[in-house]
Amino acid sequence: MLRKLLLRTSAARRSLSGAGASGSRVLPDRRPSPSLSPSPRGPASRFYASASSQVPGGTFVEHVDDGGADGPTSRPSAAISVDRSALCNPPEHSHEPTADSELVKHLKGIIKFRGGPISVAEYMEEVLTNPKAGFYINRDVFGMEGDFITSPEVSQMFGEMIGVWTMCMWEQMGQPSKVNLVELGPGRGTLMADLLRGTSKFKHFTEALHIHMVECSPTLRKLQHSNLKCIEGENVSQDVGHRTISTLAGTPVMWHAALEQVPSGLPTIIIAHEFYDALPIHQFQRASRGWCEKMVDIQEDSSFRFVLSPQPTPANLYLMKRFQWATDEEIEKLNHIEICPTAMDLTQTIAKRISSDGGGALIIDYGQNGVISDSLQAIRKHKFVDILDDPGSADLSAYVDFAAVKHSAEEASEDVSVHGPITQCQFLGALGINFRVEALLQNCTDEQAESLRAGYWQLVGEGEAPFWEGPDEQVPIGMGTRYLVTAIVNKKQGAPIPFS
Ligand code: SAH
């Protein structure tokens, strides 16, 4: 996942975090900020070498033995030989396992009980969110000590800019006196905390907010509670029970396991940053007998392996649906494709909610505006690893198919319009991140200034920062064009900024 490459400069945010609880972690100085239209110089970076591939850390299926064009179709699942030479980092296998982990036992149990392999989607879902042993469930996976770092953790400016967008959206909605602000997959809660700190002076806005955090991990819920500086309030009514209030802006906060559980009836703004990439994807491989789903099975030595389904699976229906949104040319070029039915369904839920309650949703992630071929990757401790190695100990993520998001939303409701995707660089630039960085640079220490510039570059730059004078291994890598932003809004409000 691209976000993990950010680690090299993740010190940026950490060194600013001591600047006080007043909101701004950064204090003033007077230095030029890097240009908003970054033009990377110098030799092609290691980043480009890895990011240019559709297979950033994943497997490349080189050969499928499916029996040939006239071969038997009733064979058991055919094996795929996997070439891992395209990995950007050598795969870091865990030490020889002494015993299977709880999650591995669980996965093997499912495969044995079913009497056959499971889809990559089911594997991914179990690995990430199994309630007992999923990757996200029992620990804080973010930052230097964790497995990867995300934009809100890189710089406070990210959450602040999302705050600007949210306030503008609320104004376009006619400044409703109550608004649901929903975040899907809030991680440590850093984005929401920066959003609240950044907007806390605008009382009309913050007093309207009802925050809803959609989070499956009990560990991360606790961290979010702490980072939002929540306190438990008085019982408001027997139905609602006690209230949790974020003292950052005096706003009520509730937690839910899914968007469907967020109470409807209020105008709603939804933020999904790096949530879609964690949703389970199905992978299909073109074989002589047609499109076959890639599945996860157990081999003789008891390790996992990929196989192809001998006949169509239920996910084929979604594949057909995805193909309807693609051109023949696009499909002809493909030998491998990823589809994300969960993302399609979630987008429909979002579109219907926005349609009935009013408001808008903002989706930010890495991906592309079209069919995704083969992007699934596993990352542990900031390194790409084998997808099937020690499941539950590494993050799994895949590129987001923004074209499918758009089609899903439009299909779900005629009352919503979809805008973008545009690049994160365009989005943050139009919202004024360069003014914000200038303001923060007005009065800060040299160390803070360096961190600010590094963080700024990571959010809006492309490739290695040309201004970097520090150690090579810490050069900030810009992801301003790798991340895309799309908005789904109720048509009543017109086009949202900065898509208008
Ligand atoms: N938005 C955050 C975190 C991204 S990581 C950031 O940018 O820093 C993905 C987040 O989504 C984590 O908080 C994870 O626990 C949560 N998550 C993943 N799958 C989920 C699911 N199916 N339901 C609810 N939360 C989920």
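Each ligand, and each atom within it, is numbered from 1 in the order the structure gives.
- Taking distance alone, with nitrogen or oxygen atoms compared against 3.5 Å, F275 stays at or beyond that limit from ligand 1.
- Nearest-residue assignment for atom 24 (C) of ligand 1 (options G134, C216, S151; heavy-atom criterion): C216.
- For the residue pair S355 and S413, a side-chain donor N or O sits within less than 3.5 Å of a side-chain acceptor on the partner.
- Within the set L128, T129, V214, the minimum heavy-atom distance to atom 19 (N) of ligand 1 is found for T129.
- Side chain to side chain, H106 and E126 meet the donor-acceptor criterion of an N or O pair below 3.5 Å.
- The ligand atoms of ligand 1 that sit less than 4.0 angstrom from a heavy atom of L220 are 12 (C), 13 (O), 15 (O).
- In this structure, a donor-acceptor pair under 3.5 Å is absent between the side chains of Q493 and Q172.
- Donor-acceptor pairing under 3.5 Å is lacking for the side chains of T219 and Y136.
- Y366 and S397 share a side-chain donor-acceptor pair at under 3.5 Å.
- Residue H273 has at least one nitrogen or oxygen atom sitting less than 3.5 Å from a nitrogen or oxygen atom of ligand 1, judged on distance alone.
- Residue G187 approaches ligand 1 through these ligand atoms, each under 4.0 Å from one of its heavy atoms: 2 (C), 3 (C), 13 (O).
- Atoms of ligand 1 lying under 4.0 Å from at least one heavy atom of T150, given by number and element, are 6 (C), 7 (O), 8 (O).
- For the 3.5 Å distance criterion, the side chains of E293 and T313 qualify, holding a donor opposite an acceptor.
- Looking at ligand 1, you won't find any N or O of S217 less than 3.5 Å from one of its N or O atoms.
- In summary, the atoms of ligand 1 found under 4.0 Å from a heavy atom of F142, numbered by their order in the structure, are 3 (C), 5 (S).
- Note that K294 lies outside the cation-pi zone of Y123, set by a 6.0 Å cut-off to the ring centre and a 45° limit from the axis.
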